[in-house]
Enquirer: 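Before I ask anything, let me first share the structure, which is written out below as structure tokens.
Values below: every heavy atom of this structure, side chains too, minus hydrogens, waters and symmetry copies.
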Amino acid sequence: FFFFFKQKTAYEILSGLVGSEMCIRDRFLNMFDEAALKSEECKHFELFYILIPALTTAFVDSFMQAKNTLSTKNMTRVYFCDDGFAVGLAYLLRILRQNDKFTGLNWFKSVIEKHAHDKPAKGQTQSAEFSMRMRKAEAYQKEFEWLFYSFVAAQRYFKDEQSRFTQLLSLIHI
């Protein structure tokens, strides 16, 4: 028997965090000394954000393979989810201070737009092979969108208070 426990999303967790949980989050964020991250030994981290497109593509591929493996073993009513990858990316981008650089790549937006563009027009006749490829592409797009939602929620969790304050001020001055 497999038991499924609903995994809370980062938004659900964030709204319930008070006191000690926020201290734990802040302790993790402050664990890395900024001077140490700027040292010559850590110079290779400067371009970490450029690796994220390849990492996310590999993650979605392996995630879909794992789901397919579960489905081929005739396991019914089994759910497979993993927010850890998205949380890890958000954490690393936060401590490396590369959120803005990664956001500038427009990675998730471009992937979602590409998949939307590749869809055939309504009413267009399709071969069985083409239909199968399109179902696979739609499943890939859906997994990518779920990764995007998890990543955005995780980014909100690791956003510093100063950024939140600045964001609120910018909304007021619009």
Side-chain angles (χ1 to χ4, degrees), residues 1-17 21 25 28-29 45 47-160 163-164 167 171:
F1 288 93
F2 286 91
F3 295 97
F4 175 74
F5 296 98
K6 182 181 180 289
Q7 184 175 2
K8 290 187 175 186
T9 64
Y11 282 118
E12 291 171 323
I13 293 170
L14 181 62
S15 66
L17 290 180
E21 289 90 351
R25 179 202 70 169
F28 278 125
L29 292 176
F45 287 127
L47 299 176
F48 172 76
Y49 70 98
I50 293 176
L51 295 174
I52 294 176
L55 292 172
T56 55
T57 302
F59 172 77
V60 170
D61 286 341
S62 66
F63 194 79
M64 288 183 65
Q65 285 178 347
K67 285 177 76 173
N68 287 338
T69 301
L70 283 176
S71 68
T72 58
K73 294 187 179 202
N74 293 327
M75 296 180 166
T76 58
R77 300 182 69 170
V78 174
Y79 298 92
F80 185 75
C81 60
D82 181 13
D83 289 339
F85 178 76
V87 171
L89 280 182
Y91 175 70
L92 288 171
L93 284 173
R94 169 66 169 83
I95 62 170
L96 295 172
R97 308 247 190 275
Q98 295 180 2
N99 274 316
D100 291 339
K101 291 177 181 179
F102 175 69
T103 301
L105 295 177
N106 292 316
W107 172 243
F108 286 109
K109 181 181 177 187
S110 64
V111 170
I112 292 167
E113 286 176 355
K114 181 206 179 299
H115 285 288
H117 181 276
D118 289 348
K119 287 183 180 178
K122 297 270 186 199
Q124 182 180 356
T125 58
Q126 305 165 2
S127 68
E129 179 184 337
F130 182 78
S131 295
M132 186 173 75
R133 277 191 287 147
M134 287 310 300
R135 280 193 305 275
K136 187 174 181 178
E138 286 172 3
Y140 188 85
Q141 178 184 4
K142 188 177 285 190
E143 292 300 333
F144 228 94
E145 287 173 2
W146 282 113
L147 174 59
F148 170 70
Y149 299 141
S150 296
F151 177 71
V152 168
Q155 278 186 311
R156 288 183 54 91
Y157 178 72
F158 290 115
K159 190 176 257 189
D160 64 346
S163 295
R164 289 183 189 154
Q167 188 178 25
L171 291 174

Enquirer: How far does OH of Tyr157 sit from OH of Tyr91, to the nearest 0.5 angstrom?
Expert: 10.5 Å
Enquirer: Is the shortest heavy-atom distance from the side chain of Phe108 to the side chain of Thr56 under 4.5 Å?
Expert: yes
Enquirer: When you look at Phe158 and Val87, which way does the side chain to side chain contact (heavy atoms under 4.5 Å, CB included) test go after all the steps?
Expert: CA-CA 9 Å; Phe158 290 115; Val87 171; 3.9 Å; yes
Enquirer: Using 0.5 Å steps for rounding, measure from the OG1 atom of Thr103 to the NZ atom of Lys101.
Expert: 12.0 Å
Enquirer: Atom CG in Leu105, atom CG in Asp100: separation rounded to 0.5 Å?
Expert: 11.5 Å
Enquirer: Looking only at heavy atoms, what is the nearest atom pair of Gln98 and Leu47, with distance?
Expert: NE2-N, 4.2 Å
Enquirer: Out of Phe151, Tyr49, Trp107, which residue meets the ring pair (Phe, Tyr, Trp, His ring centres under 6.0 Å) rule with Phe102?
Expert: Phe151
Enquirer: Can you tell me how far apart CD1 (Ile52) and CG (Leu93) are? Round to the nearest 0.5 Å.
Expert: 4.0 Å
Enquirer: Can you label the angle between the Trp146 ring and the Tyr149 ring as parallel, tilted or perpendicular, going by 30° and 60°?
Expert: perpendicular
Enquirer: For residues Ile112 and Gln141, report the shortest heavy-atom separation together with the two atoms involved.
Expert: O-NE2, 3.8 Å
Enquirer: Hey, what do you get for CD (Glu143) to CG (Asp61), rounding to the nearest 0.5 Å?
Expert: 11.0 Å
Enquirer: Do the side chains of His115 and Glu138 get nearer than 4.5 Å, heavy atoms only?
Expert: no
Enquirer: Tyr140 vs Met64, test: side chain to side chain contact (heavy atoms under 4.5 Å, CB included). Steps then yes/no.
Expert: CA-CA 8 Å; Tyr140 188 85; Met64 288 183 65; 3.5 Å; yes
Enquirer: Looking at every non-hydrogen atom in both residues, tell me the closest pair between Leu55 and Phe85 and how far apart they are.
Expert: O-CZ, 3.7 Å
